[in-house]
Structure formats: structure tokens, C-alpha cells
Amino acid sequence: MDYVRNISTRRDFHLLAFSNTEEHPHIIFIGLFLMYILAVLGNLLIIVLVFLVPQLQTPMYFFLCNLAAQDIISVSAALPKLMDITVTGETSISFYGCITQVFLLITCPSQDFFLLATMAYDRYVAICIPLRYHLMMNPRFCIRLVTTTWMFCAINAMCYSLFLSDLSFCRLLDINYIVCEIISMMELSCSDITHIQTLIAVDVPLMGILPVGLILASYIYIIYSILKMRTVAARLKTFSSCSSHITVVLLFGGTCISLYVKPESQNSQEVDKMLSLMYLGFVPMLNPLVYSLRNRQVQSAAKIVLTKYICVGSFIQKLVM
């Protein structure tokens with residue numbers, strides 16, 4: 001019996017993904033490919049700009065670099081396999097591949113919440129207590145804060161991965177989703193899942209409600225400070241420094257809320273898949289656009305780097321000629 005259970009535990013899973021849209025796989029593939037490329041290149045550009053341009057080497061952009069890095073990891077964990085399923089029709093994913101995907105897709109979104117909360121706190125300190133900004137948001141504090149949250153999220157995700165890897169699966173291992181997802185895997189298991197349910201119950205307030213509360217508290221103080229400013233110009237200038245962050249919070253939070261509080265319907269599973277695709281692919285693709293299109297510092301940094309590389313290229317071309 002133990003031997004059979006071990007075999008059932010290690011079988012491949014099958015991601016059904018967009019099973020109702022088999023008529024246009026190439027169109028879906030092109031959309032997924034563009035989403036993936038734009039997300040990776042856009043976020044990579046943010047990291048390169050912050051690394052190369054001294055003006056962007058501030059706490060806010062340090063946090064933005066980490067946000068960009070986790071966006072690259074999350075889209076790379078989800079979209080390549082989804083593209084492979086769309087083109088080849090091969091839905092199987094190995095047991096350990098599925099567990100790895102779960103690990104990455106828990107670590108990165110969890111870190112996303114904490115990074116957005118940290119960025120909100122950064123804006124709070126910069127606007128409400130600007131004279132203490134450099135003292136409070138010093139490089140050592142920022143590095144320790146981000147390192148701690150990365151480790152915490154990774155350990156949390158490792159707990160889920162270890163619990164899932166210990167389950168037995170006695171049913172047909174078809175996951176009607178675009179990625180390996182905890183709830184779907186729990187439904188396929190014939191083992192006791194109480195410990196996973198307990199971990200989820202602990203995670204909801206710790207990984208979700210706490211960061212959201214910190215973001216809301218930070219912006220309550222920020223709005224209060226903005227309202228106390230005497231001129232409209234000062235208010236607009238101060239608010240504009242938060243606009244990119246607010247946009248990203250609304251994008252990320254909006255997709256999360258839509259995913260979990262939407263009403264049940266006949267096509268609810270297909271709607272869940274589309275919302276998850278927005279959450280895993282569309283939002284990471286938009287994040288760099290939000291921070292570049294709405295931020296003059298990033299635009300100026302991009303122009304500086306582009307000008308330097310054009311000058312270097314011209315110089316090398318003259319030497320060769």
C-alpha cells in the first residue's frame with residue numbers, strides 16, 4: 001500500500017490551461033509570448049537603469065529593483081510552460097516541476113505585497129518626516145528589510161512545497177488551471193490536508209491583511225500631510241511622487257480582489273484563469289510602463305544611458321574604420 005501511495009505521489013500532473021480555446025492556439029501563443037517578452041525586458045530595463053544611473057540609486061528605486069526582479073521570476077515560472085502547452089498540446093508537468101512552480105508562485109506574490117508596503121512606508125517617511133528620511137531609510141536598513149522579507153516569503157513557500165510533496169494523489173491528476181495552484185492540488189489529494197489549511201489560515205492575515213493595512217495607514221498619513229500644504233502646486237507635486245506606486249498597488253490589488261471575491265458563475269473557472277493570467281503576466285508587464293511613463297527620473301535615466309551607449313558605439317565604429 002505504501003508503494004502504491006508513493007507512486008501516486010510522484011506521477012505527473014496535467015495543466016488543462018485554456019481547454020475551451022483550442023481553436024486559436026497560435027493567437028494565444030503570440031499574446032503570451034509578447035506578454036512574457038515585454039514583462040522580462042521592461043523589468044530588466046528598470047534593474048539596469050537603477051544599477052547604471054547614480055540618480056536612481058535611492059531607497060525607492062532599490063525597492064523597485066526588487067519588485068522588478070520578482071516580476072521576472074514569477075512570469076518565468078508561469079508563462080513559458082503555458083506557452084509550451086498552447087503550442088504543443090502537451091499538458092503534463094512533472095511532480096517536482098509542479099512543486100517548484102508552487103514555490104516560486106508563492107514566494108514572489110507574497111514578496112510583492114511586502115515590497116508594495118515597504119514602498120508605501122518609504123513615501124510616508126519622505127513626505128511626512130522628510131528631515132529624517134536619510135537617517136531612517138539608510139542603505140543598511142533597506143537591505144536588511146528586503147533580505148528579511150525575501151527570506152520570510154521563501155521559507156513560507158518552502159513550507160507549502162514540503163507539505164504538498166508529502167501528499168498522496170489518488171485521483172486523476174488534471175489541474176484545471178493555468179499553473180500548479182495549491183487549492184487545486186489539495187482537491188486532488190486523498191491525504192489529510194489540515195496542516196495546509198492551517199497554514200493558509202495563518203497566511204491570510206500575515207501575508208495579505210498586514211501589508212494592505214500598512215499601505216492604507218501610510219497613505220492616510222500621506223493624504224493628511226498633503227492636505228495641510230498651503231498651495232495646490234505643492235500638493236500636486238507631492239502627490240505625483242506617489243502616483244506610480246498607487247497605480248501599481250491598484251493594479252496588483254485589483255486583480256487579487258477580483259480573483260477571490262468575484263461571484264460564482266457557469267464559467268467561473270475560465271474567468272479565474274483569465275484573472276490569474278492578468279495577475280501573473282499582465283500586471284508584471286505593466287509595472288515598468290507605469291514607472292517609466294509616469295516618472296521623469298526614469299525617463300531621464302533612460303535617455304542618459306541611451307546617449308552613452310550611442311556615443312560609445314560611434315566611438316568604436318570610428319576606431320574600426
Side-chain angles (χ1 to χ4, degrees), residues 58-71 74 105-133 135-138 141-142 144-153 156-157 199-229 232 234-263 275-276 278-280 282-284 286-291 294-295:
T58 63
M60 186 65 173
Y61 290 104
F62 172 69
F63 300 139
L64 180 59
C65 267
N66 281 270
L67 185 67
Q70 72 87 17
D71 278 344
S74 61
L105 294 180
I106 291 176
T107 302
C108 293
S110 301
Q111 176 67 356
D112 210 336
F113 273 111
F114 282 110
L115 281 173
L116 291 174
T118 305
M119 293 165 80
Y121 177 73
D122 174 86
R123 292 298 82 202
Y124 156 73
V125 176
I127 293 170
C128 298
I129 40 178
L131 297 179
R132 299 183 61 188
Y133 180 78
L135 178 64
M136 295 178 66
M137 304 301 294
N138 61 78
F141 171 76
C142 294
R144 286 180 177 177
L145 183 62
V146 170
T147 303
T148 301
T149 55
W150 271 110
M151 290 178 62
F152 178 72
C153 293
N156 180 62
L199 185 57
I200 292 173
V202 173
D203 268 2
V204 169
L206 190 61
M207 311 293 280
I209 297 175
L210 177 61
V212 170
L214 291 173
I215 292 171
L216 291 175
S218 297
Y219 274 104
I220 287 172
Y221 282 104
I222 288 171
I223 292 170
Y224 179 71
S225 296
I226 290 175
L227 291 176
K228 289 197 301 182
M229 295 178 180
V232 175
R235 292 176 183 176
L236 291 175
K237 182 179 179 181
T238 304
F239 183 77
S240 66
S241 67
C242 307
S243 59
S244 297
H245 180 258
I246 292 173
T247 304
V248 172
V249 169
L250 291 176
L251 283 171
F252 184 75
T255 52
C256 289
I257 293 171
S258 301
L259 188 60
Y260 292 106
V261 302
K262 65 172 185 55
L275 289 173
S276 296
M278 289 182 62
Y279 171 72
L280 293 171
F282 193 65
V283 173
L286 287 182
N287 283 348
L289 294 176
V290 170
Y291 275 99
R294 298 177 63 88
N295 194 304

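These values consider heavy atoms only, across backbone and side chains, with no hydrogens, waters or symmetry-generated copies. Remember, it's a predicted structure, so these values are computed and weren't measured experimentally.
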Exercise for review: With side chain to side chain contact (heavy atoms under 4.5 Å, CB included) as the test, would you mind laying out the steps for Thr148 and Leu145 before giving the verdict?
Suggested key: CA-CA 5 Å; Thr148 301; Leu145 183 62; 5.8 Å; no
Practice item. Can you tell me which residue pairs pass the side chain to side chain donor-acceptor pair (under 3.5 Å) test with a partner in residues 108-117, sequence neighbours excluded? Key: Gln70-Asp112, Gln111-Thr149
Review point. Who passes side-chain hydrogen bond (donor to acceptor under 3.5 Å, both in side chains) against Asn138, sequence neighbours left out?
Key: none
Check your understanding: Got a sec, which residues hit ring pair (Phe, Tyr, Trp, His ring centres under 6.0 Å) with Phe63, two or more places apart in sequence or on another chain?
Key ->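 With sequence neighbours excluded, Phe63 shows a ring pair (Phe, Tyr, Trp, His ring centres under 6.0 Å) to no residue whatsoever.
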Practice item. Could you give me the CA-CA distance, side-chain angles and deciding distance for Asn287 and Phe252, then say whether side chain to side chain contact (heavy atoms under 4.5 Å, CB included) is met? Key: CA-CA 9 Å; Asn287 283 348; Phe252 184 75; over 6 Å; no
Review point. Listed by chain and number, what are the side-chain contact (heavy atoms from CB on, under 4.5 Å) partners of Val204, not counting sequence neighbours?
Key: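 Testing Val204 for side-chain contact (heavy atoms from CB on, under 4.5 Å), a comparison that skips the adjacent residues, returns Ile200, Ile209.
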Revision key, fill the gap. Heavy-atom nearest pair, Ser243 first then Thr247, reads O-OG1, 2.8 Å
Check your understanding: Would Phe282 and Leu251 count as a side chain to side chain contact (heavy atoms under 4.5 Å, CB included) if you check the C-alpha gap in whole Å, the side-chain angles of each, and the deciding distance to 0.1 Å?
Key -> CA-CA 9 Å; Phe282 193 65; Leu251 283 171; 5.7 Å; no
Practice item. Could you grab the distance from atom CG of Leu280 to atom SG of Cys108, nearest 0.5 Å is fine? Key: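 Going from the CG atom of Leu280 to the SG atom of Cys108 covers 10.0 Å.
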Practice item. Give, for atom CG of Leu64 and atom OG of Ser244, the distance between the pair rounded to the nearest 0.5 Å. Key: 9.0 Å
Check your understanding: Is any side-chain heavy atom of Asp203 less than 4.5 Å from a side-chain heavy atom of Ile106?
Key ->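 Not touching, per the 4.5 Å side-chain cut-off.
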Exercise for review: Please tell me if the side chains of Phe239 and Met229 come closer than 4.5 Å, counting only heavy atoms from C-beta onward.
Suggested key: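 Phe239 does not reach Met229 side chain to side chain.
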Less than 3.5 Å apart, which donor and acceptor atoms pair up between the side chains of residues 212-223 and the rest of the protein, not counting sequence neighbours?
from: Ser218; atom 1: OG; to: Leu214; atom 2: O; distance (Å): 2.8
from: Tyr219; atom 1: OH; to: His245; atom 2: ND1; distance (Å): 2.6

Output a table of donor-acceptor pairs, distance under 3.5 Å, between side-chain atoms of residues 113-132 and any protein atom two or more places apart or on a different chain; print 'none' if there are none.
from: Thr118; atom 1: OG1; to: Phe114; atom 2: O; distance (Å): 2.7
from: Asp122; atom 1: OD1; to: Tyr133; atom 2: OH; distance (Å): 2.6

Point to revise | Polar side-chain atom of Thr147 near backbone of Arg144 as donor-acceptor pair, under 3.5 Å | key: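 No; judged by distance alone, with no hydrogens or angles, the pair does not exist.
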